[in-house]
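Here is the structure we will look at, set down as structure tokens.
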Amino acid sequence: LKPAATAILVNGGAVLIAAATEAVQAVANDSTLITDAGKRQAAFDQIVRSLRIRGISAGVSVVNMVLEIALQNLKAAQGR
């Protein structure tokens with residue numbers, strides 16, 4: 001976990017978390033996405049696009065980690 005956390009900090013942690021949070025919230029509000037796998041892929045793709053626009057590249061594991069953090073934050077906010 002420590003190397004992944006370091007990678008997040010090195011790769012613009014606040015921007016990564018913000019991109020993941022925006023993606024997770026958008027996917028949660030998208031009624032056209034039915035399966036969990038579809039939702040996860042849509043959020044992942046949106047995070048990658050958002051980061052590219054900002055000139056940030058992040059590995060798959062880093063994107064998956066911030067995606068999971070954002071998902072857990074959303075669930076906690078919803079009381080789940």
Side-chain angles (χ1 to χ4, degrees):
L1 185 61
K2 194 172 184 179
T6 301
I8 289 173
L9 294 175
V10 170
N11 289 308
V15 175
L16 288 167
I17 296 294
T21 300
E22 290 170 15
V24 167
Q25 289 173 342
V27 167
N29 294 325
D30 187 342
S31 62
T32 65
L33 297 168
I34 298 170
T35 67
D36 288 341
K39 291 176 184 180
R40 183 168 193 79
Q41 188 63 53
F44 183 94
D45 292 344
Q46 185 173 334
I47 293 166
V48 170
R49 277 192 307 274
S50 179
L51 294 176
R52 282 189 185 144
I53 289 168
R54 292 175 171 95
I56 298 171
S57 64
V60 171
S61 61
V62 172
V63 174
N64 281 328
M65 178 179 257
V66 295
L67 174 56
E68 188 61 33
I69 290 168
L71 179 59
Q72 293 307 317
N73 285 341
L74 178 65
K75 285 181 176 181
Q78 294 175 341
R80 294 192 283 153

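Predicted, not measured: the structure shown is a model, and the values here were computed from it.
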Item to check | Residues clustered with Val27, ILVMFWY side-chain links under 4.5 angstrom | outcome: Leu33
Checklist entry - Under a 4.5 Å side-chain heavy-atom rule over Ile, Leu, Val, Met, Phe, Trp and Tyr, are Leu71 and Ile34 clustered together? => result no
Checklist entry - Which heavy atom in Arg54 sits nearest to a heavy atom in Ala19, and how many Å separate them? => result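 Minimum heavy-atom separation between Arg54 and Ala19: NH1-CB, 4.3 Å.
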Checklist outcome for this item: Between Leu51 and the options Val62, Val15, Val66, the side-chain contact (heavy atoms from CB on, under 4.5 Å) test singles out Val15
How far does [atom1] of [X] sit from [atom2] of [Y], to the nearest 0.5 angstrom?
X	Y	atom1	atom2	result
Leu67	Met65	CG	CE	11.5 Å
Thr21	Ile47	OG1	CD1	8.5 Å
Leu16	Ile56	CG	CD1	6.0 Å
Lys39	Thr32	NZ	OG1	10.0 Å

Next on the checklist: Any carboxylate oxygen within less than 4.0 angstrom of a Lys/Arg side-chain nitrogen, looking at Glu68 and Arg40?
Outcome noted: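 Answer for the salt bridge query: yes.
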Item to check | Criterion side-chain hydrogen bond (donor to acceptor under 3.5 Å, both in side chains) on Gln25 and Asn29, from CA distance to verdict | outcome: CA-CA 6 Å; Gln25 289 173 342; Asn29 294 325; over 6 Å; no
